[in-house]
> 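Encoded as structure tokens, here's the structure I'll be asking about.
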Amino acid sequence: MIEIKNLSAEIDGNEILKGLSLSIGDGEVHAIMGPNGAGKSTLSYVLSGRDGYEVTGGTAELDGENILEMEPDERAAAGVFLAFQYPVEIPGVQMTTFLKTAINSVRKARGEAELDALGFLKLMKKTCKELGISEDMMKRAVNVGFSGGEKKRNEVLQMAMLEPKFAVLDETDSGLDIDALKIVADGVNALRAKNRSFLVITHYQRLLDYIKPDYVHVLAGGKIVKSGGPELALELEEKGYAEFSKNEAA
Amino acid sequence: MSAVIKLSNRYRPETSALALAGWEAFIADTTAPSWVQALRKRSGEKVRMMGLPTPKLERFKYTNIPAYLKMNSLAFSRVDMTIGGHKDYASDLLMSFDQDFVQEMLEVAPAGEGKYGDLMLWDFANSLIANGVVIDVPQNTMMDMPINIGYEGEGGHAYAPRQIIRVGNKAQVTIIEHHTGGGAYWHNGVTQIHIAKGAKVIHYRLQESSHESLHTQNTHVEIEQGGTYETFTLTLGAKTSRNQIHVDLLGSNAEVFVNGINLLKNKQLGDATITVEHKAPHCVSKQNYRNVVAGQAVGVFQGKVHVHQIAQKTDGYQFAKSLLLSPLATMNTKPELEIYADDVKCSHGTTSGQMDADALFYMRARGISQSDSERLLIEAFIAEVIEEISNDDMKERVALCVNDWLSKQVVA
């Protein structure tokens, strides 16, 4: 399980997260919603260890280990996965090379045997098939020339292959039409498991029609200001975030 | 015994001078064939008058050859060479002196802009002429096996090996030159290539000279109608290196491809200076370079496409990308297009930058270590140019060299 306590973080001296606390049990799906500028993306980057985000207080423990003290690749090995809002294009690096290096790096760090070329290909083909992803995508450079939908499906594919314990989905719905959204959501749902927790960060309720959360939290002004069940998302969709923005202003 | 070679006052007002031991004695050697003695003498006089190129010359702005020579005392000699592949066609130049074309070609020097600076090293090489290779490929001959020429530099020496490669109509040959060595030495090589109608030369150079050495390579290529010259240079070695390639497109529908990868680290300086002279219509020239500069190294890329008025329908392309791996690394890039014809297609592009931080984070977020991520990005950066190497064996060899360099360079 993941236990975030009193997390504060800043970028260039601006405090964005101001004492955020959140506890996600094994197998649970939590959604974080909030207005623009609430700190949603900052939270995902702080949890995954991006440079430039300085943690000024608090902890984030995955199964009792504080991940905030780890390098980004160590976090991945420990089981943290960030599905990027904007997956990065890497010209010249083939998908297969990228995936094989990632999987074997993680397996090595977890004390598992590395996959040989054949073992990797089998796993890749199997995962592609399960997620309905064309193997042709694997012959291309990482995210280069991928459509918005392909990029997000590629994130799900990587998630499936890296088998994280804790996956953060950062605005996975952005840039997707409804058909692409369904495909991506189906992929995520297929990966739901009792030893895997999800944090779904989104601005709109729409995504949560397809990825049903157990809990919904409202992030505003750098902390969780309200928590509830799935019905909270519907309420937000109706009323908007004005209430919380007002609180912030006051 | 030592000689004093003056640097031209015109470009270097201070009367700085180089003491090069034994140079006078070398060019005065009376045991060489008489025409060799004459050539050494003539060239020696030019060297005395003009000196060696200094950074005061535009073409040598970034690459300081006298500075290296002041730090190292060198004696003149022949270089140890090995020749493999086709013994029938490759022989010691000294054994081929009776061939008329050798003498004829030795006197040919590249024409065009900037030749003054460029010819100083050429003249110096002529004054030191001692050994080399002559390859004369008869017309309509397809040589499947590459010809390998190896040079083993020896510390304390300066030498100027000469390669003369003449390829007859519709003939084809692949040449691989490989430079290695130990200690501080100066390799001032001259390679002259003449490509007749419809002929093709594929030319690879692997420069793994000693990291204490000075490596200056002057390559002059003449291409006649429908001929093709395809070259790739991998620069890994030398303290200071300049790989200068001058191509004259003399007949229509000729094509030239000049590619290279320079991997520089520590305090190395690597200079690629390329000139393509379009002197006939309907010719194609493409340059594609990648520079990876680490440590406090300095990279130089000077590429020039000169389209003469007669060269209508020229297709010229020049591209150089540089990746700086450290805040102290330097890249000097100078692309030049000089066009006098009005119906041509010419483009050029250069970029210099650092590693993409977003791409690095993306990879690390997938569990790939910092050093492996950097390595993958550097490999990706140069992949396109490796892909363009047409000989599969060479492609593999270059990939191995690059891997080796990366495994020593990228340290977590």
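Values in this document were obtained by computation on a predicted structure and should not be read as measured data. Below, read A as the first sequence line, B as the second, and so on, with proteins coming before strands; counting in each chain starts at 1.
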> If we count only N and O atoms by modelled type, under 3.5 Å, do the side chains of B:Tyr362 and A:Asn143 hold a donor and an acceptor together?
yes
> Less than 4.0 angstrom from a charged side-chain N to a carboxylate O is my criterion; do A:Glu74 and B:Arg364 meet it?
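Not counted as a salt bridge, because no side-chain N and carboxylate O are separated by less than 4.0 Å.
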> Indicate the atoms forming the closest heavy-atom contact of B:Ile368 with A:Ala102, along with that distance.
CG1-CA, 3.6 Å
> Only pairs of heavy atoms separated by less than 4.5 Å count here; which of A:Ile90, A:Ile103, A:Val142, A:Val88 has the most with chain B?
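Winner by heavy-atom pair count: A:Val88.
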> Compare every heavy atom of A:Asp73 with every heavy atom of B:Ser369, then report the nearest pair and how far apart it is.
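Distance-wise, the nearest heavy atoms are CA-OD2, 3.4 Å.
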> If the condition is ring-ring contact (aromatic ring centres under 6.0 Å, His included), which residues does B:His211 pass it with, not counting sequence neighbours?
none
> Do the side chain of A:Arg75 and the main chain of B:Gly367 share a donor and acceptor less than 3.5 angstrom apart?
no
> Tell me which of these, A:Val106, A:Thr97, A:Leu82, has more heavy-atom pairs under 4.5 Å with chain B than the rest.
A:Leu82
> Tell me, for A:Pro87 versus chain B, whether the close heavy atoms (under 4.5 Å) come from the side chain, the backbone, both or neither.
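Both parts, backbone and side chain.
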> Do you know which two heavy atoms are closest between B:Arg366 and A:Leu162, and how far apart they sit?
CD-CD1, 3.8 Å
> If you tally heavy-atom pairs under 4.5 Å against chain B, which of A:Lys108, A:Glu155, A:Met159, A:Gln94 wins?
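That would be A:Glu155.
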> Between CD of B:Gln370 and CD of A:Glu71, what distance do you get to the nearest 0.5 Å?
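The CD atom of B:Gln370 sits 7.5 Å away from the CD atom of A:Glu71.
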> For B:Asp372 and A:Ser105, work out which heavy atoms get closest and say how close.
OD2-OG, 4.5 Å
> Between A:Ser48, A:Pro72, A:Gly92, which shows the greatest number of heavy-atom pairs under 4.5 Å with chain B?
A:Pro72
> Can you tell me how far OG1 of A:Thr101 sits from CG of B:Leu376, rounded to the nearest 0.5 angstrom?
5.0 Å
> Suppose we screen for ring-ring contact (aromatic ring centres under 6.0 Å, His included). Which residues come up paired with B:His178, at least two apart in sequence or across chains?
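By the ring-ring contact (aromatic ring centres under 6.0 Å, His included) rule, B:His178 matches no residue at all.
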